[in-house]
Amino acid sequence: MKTPTEAQARAAAHSTAAPTPFQRKHLLGLEDLTREEVLRILDEARGMKDIFTRTVKKVPALRGKTVANLFFENSTRTRTSFELAAKRLSADVINFSAAGSSVSKGESLIDTVRTIEAMGADFVVMRHSASGAPHLLSRNVKSAVINAGDGTHEHPTQGLLDMFTMREKLGRLEGLKVAIVGDILHSRVARSNIWGLRKLGVGELRLVGPRTLLPKWFESMGCQLHYNLEEGIRGVDVINILRIQLERQSENLFPSIREYQVLYGLTTKRIAAACPDALIMHPGPINRGVEISQEVADGPQSVINEQVTNGVAIRMAVLYLLSGYRGGPLSEDE
């Protein structure tokens, strides 16, 4: 692994050129973004993270704007991260959940969002169990729509924060060997990582898991498939662990949690197959003792908590860029 000084120097090289214009109104997924647009977000997030070191961790970039968080599925990290990101940019925030709302009375998704939009929402951050829901919304409302996870399709800001963390810690993405381990079939995080990492020139992208959770068609996305954990993580620079998503499975795709842990649980002994300083990542929430052991999750190679911190910076960057902000350098909010 590169030292922090070397990694920062490598990352700084990305910012020498003039910023790439960002013309998107919505962020619906990484599949549709260009390489330059992905890099633009990652570069902007580096500046946003610098704000965390200020005495006043707040800037006026989105003052007068309103961000509506619409979460039709449970969430802690993503919803809180978007709320904090919006507030650090001085935006007002509306938090909305399906429980106890007009949705439970039969109101349609589009009517619900149009009602919130009529109250002055400039951004709609939405998580929904149906794949494609943010895309439908973007065609029917005037607000900027940000996908915070749709079904088993994509989770673009998680993919972005994962890439940001890799580049920050290792100084580059080009040429890295990355393994994504776990429930690939149901993972929107895996799909966003695949699209983003392929665009940014990762050397090898390996998917590791049981055959029932890792269909052959993932090979068409430029990935190597491995059904043995030790083989799949051998010599990699990054291991990104996914949890088993039992809530998305309509049938039993493996015999038991215990068997999954025995075959695919990441332990201190098993990570020895990877590079000596390989990064250990996890999007959360963590099922300790299932997909990852306590020692690995809290060990020196783990960057799980740093992923959470970087998530705020990425979401600040996304809101900032989608706002079309044309002001000068970000200054502290007096």
Side-chain angles (χ1 to χ4, degrees), residues 22-33 37 41 61-161 186-189 191-192 195 245 247-248 283 311-312 314-325:
F22 200 86
Q23 305 297 331
R24 298 273 177 173
K25 179 180 180 181
H26 311 290
L27 179 64
L28 304 177
L30 299 190
E31 180 180 4
D32 298 330
L33 296 188
E37 287 171 326
I41 297 172
L62 295 188
R63 179 180 291 161
K65 301 288 187 179
T66 300
V67 177
N69 286 330
L70 275 68
F71 280 72
F72 294 87
E73 290 184 319
N74 293 332
S75 171
T76 298
R77 291 162 186 78
T78 304
R79 184 188 60 77
T80 304
S81 181
F82 267 112
E83 181 176 0
L84 185 56
K87 289 181 176 178
R88 286 188 171 175
L89 293 172
S90 300
D92 296 316
V93 179
I94 302 171
N95 286 316
F96 173 97
S97 62
S101 72
S102 295
V103 172
S104 62
K105 302 176 183 178
E107 185 175 62
S108 72
L109 171 63
I110 293 174
D111 284 341
T112 297
V113 176
R114 283 177 176 168
T115 299
I116 295 174
E117 191 175 50
M119 299 177 187
D122 302 284
F123 302 88
V124 175
V125 179
M126 188 175 74
R127 169 168 290 187
H128 202 281
S129 60
S131 299
H135 300 72
L136 172 66
L137 197 63
S138 70
R139 296 191 294 267
N140 288 276
V141 299
K142 297 178 182 178
S143 304
V145 177
I146 301 173
N147 181 3
D150 62 325
T152 59
H153 176 232
E154 277 212 54
H155 191 348
T157 56
Q158 181 67 47
L160 288 165
L161 76 89
H186 300 97
S187 177
R188 51 196 175 203
V189 173
R191 286 166 175 78
S192 287
W195 289 120
Q245 300 189 47
E247 73 276 12
R248 299 188 189 283
V312 178
I314 282 290
R315 284 149 188 152
M316 288 175 68
V318 168
L319 289 167
Y320 175 74
L321 290 170
L322 293 182
S323 73
Y325 182 79

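Note that this is a predicted model, so its numbers are computed, not measured.
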| request: Answer yes or no: does atom CG of D32 have more than 12 heavy-atom neighbours from other residues, nucleotides or ligands under 6.0 Å? | output: yes
| field | Heavy-atom neighbours of K25 NZ exceed 12 at 6.0 Å | value | yes
| Looking only at heavy atoms, what is the nearest atom pair of V67 and A91, with distance? | CG2-CB, 4.1 Å
| query | Which residues satisfy the side chain to side chain contact (heavy atoms under 4.5 Å, CB included) test with S81, sequence neighbours excluded? | reply | V312, R315
| query | Taking only residues two or more places apart in sequence, or in another chain, which ones meet D92 in a side chain to side chain contact (heavy atoms under 4.5 Å, CB included)? | reply | T66
Measure from the side-chain N and O atoms of [X] to the backbone N and O of [Y], and report whether any donor-acceptor pair falls under 3.5 Å.
X    : Y    : result
S143 : A121 : yes
H155 : R188 : no
R79  : N95  : no

Can you tell me how far apart [atom1] ([X]) and [atom2] ([Y]) are? Round to the nearest 0.5 Å.
X    : Y    : atom1 : atom2 : answer
H153 : H128 : NE2   : NE2   : 15.0 Å
L28  : L33  : CG    : CG    : 9.0 Å
F71  : M126 : CZ    : CE    : 10.0 Å
T157 : I146 : OG1   : CD1   : 8.0 Å
T112 : L70  : OG1   : CG    : 8.0 Å
N69  : R127 : CG    : CZ    : 11.0 Å

| said: I want to check something: taking the side chain as every heavy atom from C-beta on, are L27 and L160 in contact at a cut-off of under 4.5 Å? | reply: yes
| task | Answer yes if the side chains of E154 and S192 hold a donor-acceptor pair under 3.5 Å, and no otherwise. | result | yes
